[in-house]
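So that we are looking at the same thing, I have put the structure below in structure tokens.
Owing to the predicted nature of the structure, the values given are computational and were not obtained by experimental measurement. Throughout, a chain's letter reflects where its sequence line sits, starting with A, and its residues are numbered from 1.
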Amino acid sequence: MNTGVLLRIESISKSFPGVKALDGVSFDILEGEVHAIVGENGAGKSTLMNILSGVYAPDTGKLYFAGKEVQFKDPRHAQETGIAMIHQELSLANHLSVMENIYLGRLTRNRFGFVNYKEMYKKCKSDLECLGVTDIDPDTLIADLSVSQMQMVEIAKALSFKSKLIIMDEPSSSLTRKETEMLFATINSLKQSGVSVLYISHRMEEIFEISDRVTVLRDGTYIKTLNTKDTNAKELVSLMVGREFNKTFQRKIKKIQDGEKPILEVQGLSYGKKVNNVSFKLYPGEILALTGLVGAGRTELVQTLFGLYRKESGKILLNGKEVEINSPTEAIKHGLGLVPEGRKTQGLFLGMKIRENITMANLPKLCRFLFIESKNEQEKAEYYVSKLRVKATDIEQQVRYLSGGNQQKTIIARWLLNNPKVLFLDEPTHGVDVGAKSEIYEIINNLASEGVGIVLISSELPEVLTLADRILVMHNGRITGELSREEADQEIIMEYATNQLNKEMVK
Amino acid sequence: GSKTETQQTQTQQSGNSGSSGKTNETASGQEVPDVALPKGAHVEAVKQLPEKPLRIAFLSWQNNPFWFPVRDGALAAKEYLANFNTTVDYIVMGEDMTADRVVAAMETAIAKQYDAIAVVPVFDGTENIINKAVEQGIPVFSFIAEGSKPSNRIAFMGQDAYAAGQLAGQTIEKITGGNGKIGVITGVFGATQHEQRMNGALDYLAENVPGIEVVGKYENKDKAETAYSLTKDMLTAHPDLKVVYVTAGGPFGAAKAIQDMGLTGKVGVVCYDHIPDNLKYVKSGEIYAAIAQDPFGQGFDSCVYLYNYLVAGQKPDSDFIPVQLDVVTPDNIDEMYSEDEYMNAE
Amino acid sequence: MLSINQAETSLQKKSKGNLLSKLAKSKEFSVLVALFVLCLVVSLLSPYFLKMQNIFNVLRQISVIGILAVGEALIIITGGIDLSVGSVLGFMGVMTALLAKLHLPPVIIFFAAIIIGSAVSTISGLLTTKIKINPFIVTLGMMSIAKGFSLLITGGMPISIENNITYLGSGYIGPVPVPVIIMFIVAAIGHIFASRTLPGRNIYAVGNNERAAKLSGIRVDRVKIMVFSIMGALCALSGMILSGTLKTAEPTAGSGYEMDVIAAVVIGGASLSGGEGSIIGVIIGAAIMGVLRNSFVLLGVSAYWQVVAIGVVTIGAVALDSLKTKRD
Amino acid sequence: MLSINQAETSLQKKSKGNLLSKLAKSKEFSVLVALFVLCLVVSLLSPYFLKMQNIFNVLRQISVIGILAVGEALIIITGGIDLSVGSVLGFMGVMTALLAKLHLPPVIIFFAAIIIGSAVSTISGLLTTKIKINPFIVTLGMMSIAKGFSLLITGGMPISIENNITYLGSGYIGPVPVPVIIMFIVAAIGHIFASRTLPGRNIYAVGNNERAAKLSGIRVDRVKIMVFSIMGALCALSGMILSGTLKTAEPTAGSGYEMDVIAAVVIGGASLSGGEGSIIGVIIGAAIMGVLRNSFVLLGVSAYWQVVAIGVVTIGAVALDSLKTKRD
Ligand SMILES: Nc1ncnc2c1ncn2[C@@H]1O[C@H](COP(=O)(O)OP(=O)(O)OP(=O)(O)O)[C@@H](O)[C@H]1O
Ligand SMILES: Nc1ncnc2c1ncn2[C@@H]1O[C@H](COP(=O)(O)OP(=O)(O)OP(=O)(O)O)[C@@H](O)[C@H]1O
Ligand SMILES: [Mg+2]
Ligand SMILES: [Mg+2]
């Protein structure tokens with residue numbers, strides 16, 4: 001197999017102030033293989049990938065691409081060598097069109113050197129179609145896309161480089177099942193044509209579906225590379241966390257009692273085109289999942305409920321009483337909480353500290369005469385950092401420097417601290433590792449058993465099936481179906497083809 | 001007045017007792033040097049040498065060419081007074097003219113313990129810091145422009161801007177024969193000197209020359225280019241305009257506009273300062289009159305007045321020393337200046 | 001909340017109705033409406049406004065600000081800012097005068113000035129990218145330094161220029177002043193550059209999302225340095241025009257222009273946080289200011305009310321767009 | 001590339017070594033070093049620099065800019081900008097003079113001025129938040145409007161003030177000028193406000209991520225309006241100080257201050273894109289400018305070199321931090 005080595009990684013180390021992110025990592029990537037990388041949040045996966053794609057220079061260590069040693073000056077150099085990367089965080093220019101983003105820095109030009117938009121439009125359309133995407137017009141601005149559409153654009157962009165090695169850092173975390181399938185089909189055809197793919201995901205079922213080999217990283221060190229078909233989820237997870245990992249989370253379905261009063265009732269809520277005459281009830285202690293296709297309007301629904309958008313019609317009742325919610329501030333006062341989707345855009349205060357990020361929504365309660373009680377604040381923040389196992393040097397670290405999954409935990413901590421009566425969770429475990437995920441499930445479950453009503457939006461089917469008591473399906477801003485968890489199994493099997501692995505995962 | 005004098009004597013006495021080591025120097029310099037006054041200066045130093053070396057601060061500005069002759073006057077005084085064991089430090093208060101720069105510079109000069117300060121205070125409100133210097137035994141002489149409230153300076157030399165404005169009004173009256181439209185371009189709205197020059201002229205015209213119509217007042221922020229544009233616009237809206245009155249910087253821009261529109265002789269500029277660029281257009285006829293206030297003389301004389309006061313307690317006859325306003329016109333330019341003074345002045 | 005640079009987008013639109021409706025939504029359009037309303041009011045109040053001579057006067061008066069604003073727009077689109085435009089302009093006027101003193105032919109002076117101007121601003125570009133000093137500070141400093149050197153070189157006195165290079169500022173082609181023609185050429189080239197060329201599009205990419213641009217292989221530093229170099233060349237051009245109009249280089253010429261220039265750019269629809277803006281909008285922004293100042297003279301607006309009016313119109317021109325966006 | 005506001009961080013640190021090393025890394029520290037070096041050089045060149053009288057002079061001279069810079073820092077941290085500070089200051093000086101003409105007691109004048117000042121700037125705040133006009137444009141317009149009204153009210157001429165309110169500008173407590181004491185009080189309150197209180201924290205949150213702030217229950221618009229109101233109150237305070245020092249209100253007082261103020265804020269470590277900055281840094285930034293100007297007069301620096309020096313020191317003070325960050 002030696003002839004088939006595309007990229008040799010040799011004792012790569014990288015430190016950031018206060019952290020050794022990578023410590024002497026070595027392994028090979030073969031030609032035409034799909035190689036998965038797994039590890040807990042903060043294990044160093046993204047750091048390694050960023051080194052491979054020329055974003056960071058390693059402190060020590062060497063890279064050999066197709067047998068020759070390479071030292072990348074910048075991402076462009078890596079691209080020219082034949083490595084393209086889909087980054088964990090969306091990296092798109094919002095006010096530019098889809099096609100300009102895909103060919104950023106190498107726009108299609110005519111023979112006079114001027115940008116040829118017509119030609120580029122055609123090229124872009126066919127590039128997107130290769131991926132199976134037909135609903136994105138190359139002319140639309142990125143800002144007008146949904147998050148999962150943006151992710152598809154990122155993928156199309158990375159593919160358009162026609163590289164020998166494509167790195168995908170959690171490409172599927174904001175994709176629904178349907179789009180993930182399109183992605184996998186593309187990966188398979190890339191493999192056929194001899195392209196190698198490095199694939200990072202916290203969704204175990206995906207690892208087993210798509211990869212040939214899998215490498216485990218833990219705390220910046222290389223642990224092991226395994227043939228995917230020779231291993232199982234349990235072994236991988238144990239290797240990741242460094243001990244036997246047996247935790248499987250199981251939630252008992254909450255049945256609504258006759259005569260029980262809903263904690264939240266929504267009647268005929270409308271806002272724009274995305275929320276259209278929506279009605280539902282949420283009972284105390286219940287976890288209600290909202291599912292649907294991309295852009296179905298789930299996010300806008302909860303954000304309208306949360307007062308970010310002014311509803312055009314409809315009523316919101318809390319504990320049977322009608323309430324007017326005109327701003328998130330009022331929503332919070334009424335005991336609502338919202339973990340928003342898009343951690344960088346809607347969640348984090350990147351330049352601020354972990355402590356400040358955690359206490360932000362709860363600060364009025366940590367104040368005496370507008371003065372922040374810093375000791376109290378510090379204790380609260382420290383409690384949640386250890387409870388959610390946020391990997392950081394200390395609570396005074398800027399969230400900017402945390403790994404993606406740890407940033408997500410910080411946002412969750414913010415809302416747990418707030419003791420809400422009704423909690424909306426919009427993709428709460430986006431990018432969170434398996435261990436922490438079950439930790440978060442535990443917490444959500446505990447909240448529910450304390451009588452908190454929870455609305456969960458998740459594109460991750462296993463998550464919905466693990467947690468939800470009831471499932472609402474949205475389509476084009478309307479609620480088109482309501483299912484109990486048992487029913488949902490079958491319904492969703494109809495909707496989403498392959499859930500073999502999902503079941504294994506849940507088990 | 002008498003209070004200041006006693007203070008002054010005290011300073012001299014303390015100077016006396018403190019500088020015993022320097023008697024030698026004083027003795028050798030006993031002979032009063034016989035130096036000629038430079039051209040353009042008006043006041044001679046008294047025939048007496050100081051007890052100890054004297055230091056005079058000369059606080060001025062340098063944000064437009066008007067200040068060049070002022071500086072030259074100060075430097076000439078520096079050279080002249082060097083013969084009298086006195087140094088003059090020419091200090092620019094800052095790049096922009098504001099009242100608080102004057103206060104800051106005065107404060108610093110006081111802290112540096114100068115024996116006397118010559119200053120261009122320009123603004124109302126600067127009288128307090130001037131009085132403070134005087135209280136501390138440092139005599140102050142103000143020149144060119146000062147605020148409207150009296151201060152305890154020994155004297156002010158200059159022409160108050162309002163009077164200069166009135167002279168401009170008279171000039172405009174003469175040029176127009178008392179009838180016609182004029183436009184005003186002022187430097188910066190609210191700048192004391194500019195406002196006074198503007199109001200001096202306009203008040204004079206309003207009271208004495210009913211036939212004059214003022215078509216508008218505009219600011220050019222001392223920029224020639226803006227004066228150029230404004231003049232073109234005014235001539236578009238008022239083709240029968242007779243005079244453009246420019247109170248501050250950039251009048252040659254207005255003159256150039258008149259030249260470019262081929263209106264030389266039909267419209268003319270009345271303005272201030274005899275800088276080369278203005279003189280060129282006086283010569284070619286677009287500037288009808290440029291008023292100057294003897295900046296070199298003011299720069300020089302103020303230092304010498306201070307010296308005379310320091311060594312001999314001699315004060316000017318009046319605490320207001322008016323300077324002569326020179327008006328240069330196409331008719332008299334050849335008498336006042338030779339052509340190479342302004343044609344190749346750089 | 002998301003404001004969109006529609007001018008570029010509309011370029012590639014196919015259907016015509018779409019184009020019109022997009023145009024109506026664009027920021028340039030609201031500014032154009034503001035300009036139109038202003039012109040209408042002034043022309044009703046003064047018969048002189050629409051006279052050809054006056055129109056050319058106005059165009060000539062905005063030409064320097066317009067040319068500078070094209071360069072400033074490019075810098076602002078990358079997310080930077082240049083406060084030194086006015087004083088670099090002044091400096092370049094002085095340099096032009098010095099070159100003219102050497103009796104060089106105008107063509108040589110022209111190119112020499114362009115090169116020197118570019119070099120001066122490139123220094124700002126290098127300081128912002130290579131030493132990573134905030135462009136606000138770099139160019140604030142550069143503003144002082146350039147002005148200081150102009151003063152030192154000239155000793156503070158205006159220098160007169162006797163050379164045909166002044167044609168750039170004072171020439172006419174038929175009834176059209178040369179500076180106006182230059183402004184339109186610069187705007188046209190700027191527009192094509194920004195909307196149709198790779199480096200032009202890279203400018204938007206950098207301003208939109210620097211990280212994304214870098215990850216896409218764009219050499220961000222080079223793009224940023226490039227826009228400063230262009231700005232320097234345009235400062236040189238404007239310096240030649242301004243000193244050419246008066247046939248005199250004033251060391252303090254152009255001081256304070258930075259605010260007018262930035263205002264024109266922002267009124268024209270650019271965002272100071274970068275990524276958005278169009279060259280056409282910028283020229284319209286400059287025109288609003290030009291017409292307003294012209295109207296003061298034509299209508300004889302009383303002195304201090306002029307100052308108030310400038311403020312009100314500045315806010316008003318932009319408010320129009322905000323109000324429209326809100327209604328949508 | 002990532003710049004860190006460490007001042008806050010160091011506040012709650014436990015171990016002392018850690019605190020020192022963090023301090024050494026902070027932006028404020030580099031500016032402090034720049035200030036120290038500047039002071040050292042000037043004191044070597046002039047024996048008068050370190051005299052107590054001169055030090056109080058310098059402090060008094062920076063007090064107005066320092067006070068304004070505290071308010072400007074708050075606005076800049078939210079991601080806004082206020083260009084109107086200078087002319088609102090001038091306007092408030094005029095208002096103070098008018099109030100003094102009514103022979104009101106100083107205390108009444110004081111509070112009336114603070115309220116009027118707040119109200120004026122609150123208008124800017126409302127225009128930026130409620131009509132969503134870019135703060136750069138709003139305050140550029142407001143700058144003209146406030147100046148225009150100052151001119152209209154005074155007729156362009158200074159008004160003298162005969163009232164004990166001038167004590168704020170011209171009083172002394174022992175050898176210490178009252179404006180200096182006011183500046184230190186404002187800075188101390190500002191620092192505590194920004195680092196220890198709920199609204200202070202909200203200011204940083206809004207500047208960091210407006211949308212996230214909104215979703216965290218912060219009333220973003222109110223925060224933005226609040227900082228403008230504070231700015232207005234500080235303009236009123238500075239207006240009373242400046243007109244009190246001179247016992248005269250000039251309609252154009254304060255014009256051009258905005259650049260000095262913003263420069264002080266940015267030199268002090270704030271980022272114009274919001275979310276970062278500290279009050280202590282801002283005062284150090286103002287001090288650098290003050291010492292520099294003082295040294296010009298002390299050392300008799302020639303006029304044009306003053307202009308160059310201001311530019312070089314502005315860039316140099318910030319470059320120090322950038323170079324240090326790069327080395328790390
Ligand atoms: N720019 C940086 N500065 C400081 N520390 C950093 C930086 N980038 C990453 N780190 C740290 O390096 C470690 C590895 O981070 P990395 O992003 O590679 O993790 P990851 O394996 O991708 O995690 P996740 O699954 O959460 O994305 C983390 O502890 C993180 O805090
Ligand atoms: N932060 C945002 N800024 C602008 N537009 C947005 C934003 N978030 C969502 N949208 C728009 O709202 C539309 C509805 O998407 P929404 O996120 O509500 O649906 P969803 O069902 O949650 O889908 P997704 O799974 O993509 O989140 C999207 O197509 C997008 O255009
Ligand atoms: Mg990662
Ligand atoms: Mg969503």
- At a heavy-atom separation under 4.5 Å, does B:Tyr281 approach chain C through its side chain, its backbone, both, or neither? side chain
- Query: Using non-hydrogen atoms only, which part of C:Tyr172 is less than 4.5 Å away from chain B: side chain, backbone, both, or neither?
  - Reply: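 Interface part for C:Tyr172: side chain.
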- Item | Closest non-hydrogen atom pair between C:Tyr48 and B:Pro239, with its separation |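 In terms of heavy atoms, the two residues are closest at OH-CD, 4.1 Å.
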- Message: Between C:Ser243 and chain B, with a heavy-atom cut-off of 4.5 Å, which part of the residue counts as in contact: side chain, backbone, both or neither?
- Response: neither
- Query: Measuring from B:Asp233:CG to C:Phe49:CZ, what's the distance to the nearest 0.5 Å?
  - Reply: 10.5 Å
- Item | chain B contact via C:Thr245 - which portion, at a heavy-atom distance below 4.5 Å | both
- Contacting region of C:Val307 [heavy-atom separation from chain B under 4.5 Å]: side chain
- Message: Does any backbone or side-chain atom of C:Asn57 lie under 4.5 Å from a heavy atom of chain B? Answer side chain, backbone, both or neither.
- Response: side chain
- Task: State the CG-NE2 distance between C:Leu298 and B:His238, to the nearest 0.5 angstrom.
- Result: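 NE2 of B:His238 is found 8.0 Å from CG of C:Leu298.
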- Roughly how far, to the nearest 0.5 Å, is OG1 of B:Thr236 from CD of C:Gln53?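 Going from CD on C:Gln53 over to OG1 on B:Thr236, the span is 4.5 Å.
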- CG/B:Asp222 to OG1/C:Thr252 distance, rounded to the nearest 0.5 angstrom?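 Spacing of CG (B:Asp222) from OG1 (C:Thr252) equals 8.0 Å.
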- Under 4.5 Å, heavy atom to heavy atom: which of residues 246-260 of chain B reach chain C? Give them by number, or say none. B:Phe252, B:Gly253, B:Lys256, B:Asp260
- Query: Should we count NZ of C:Lys247 as having more than 12 external heavy atoms under 6.0 Å?
  - Reply: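 No.
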- Pick from C:Asn294, C:Val301, C:Val58, C:Leu151: which one has the most heavy-atom pairs with chain B under 4.5 Å?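 The option with the most such pairs is C:Asn294.
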- Is B:Lys232 close to C:Val297 at the side-chain level, that is, under 4.5 Å between some pair of heavy atoms? no
- Of the listed residues (C:Lys147, C:Lys51, C:Arg60, C:Arg293), which shares the most heavy-atom pairs with chain B below a 4.5 Å separation?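 It is C:Arg60.
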- Interatomic spacing from OH in C:Tyr304 to CD in B:Glu219 - rounded to 0.5 Å: 9.5 Å
- Give the member of C:Gly155, C:Pro47, C:Ser46 that has the highest number of heavy-atom pairs under 4.5 Å with chain B. C:Gly155
- If you check every heavy atom in residues 223-230 of chain B against those of chain C, which residues fall under 4.5 Å?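 So far as heavy atoms go, B:Lys223, B:Ala224, B:Glu225, B:Tyr228, B:Ser229, B:Leu230 are the residues that approach chain C to under 4.5 Å.
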- Item | Proximity breakdown for B:Phe68 and chain C, heavy-atom pairs closer than 4.5 Å | side chain
- Message: With a 6.0 Å cut-off (strictly less than), is the heavy-atom count around NZ of B:Lys217, excluding the residue itself, greater than 12?
- Response: no
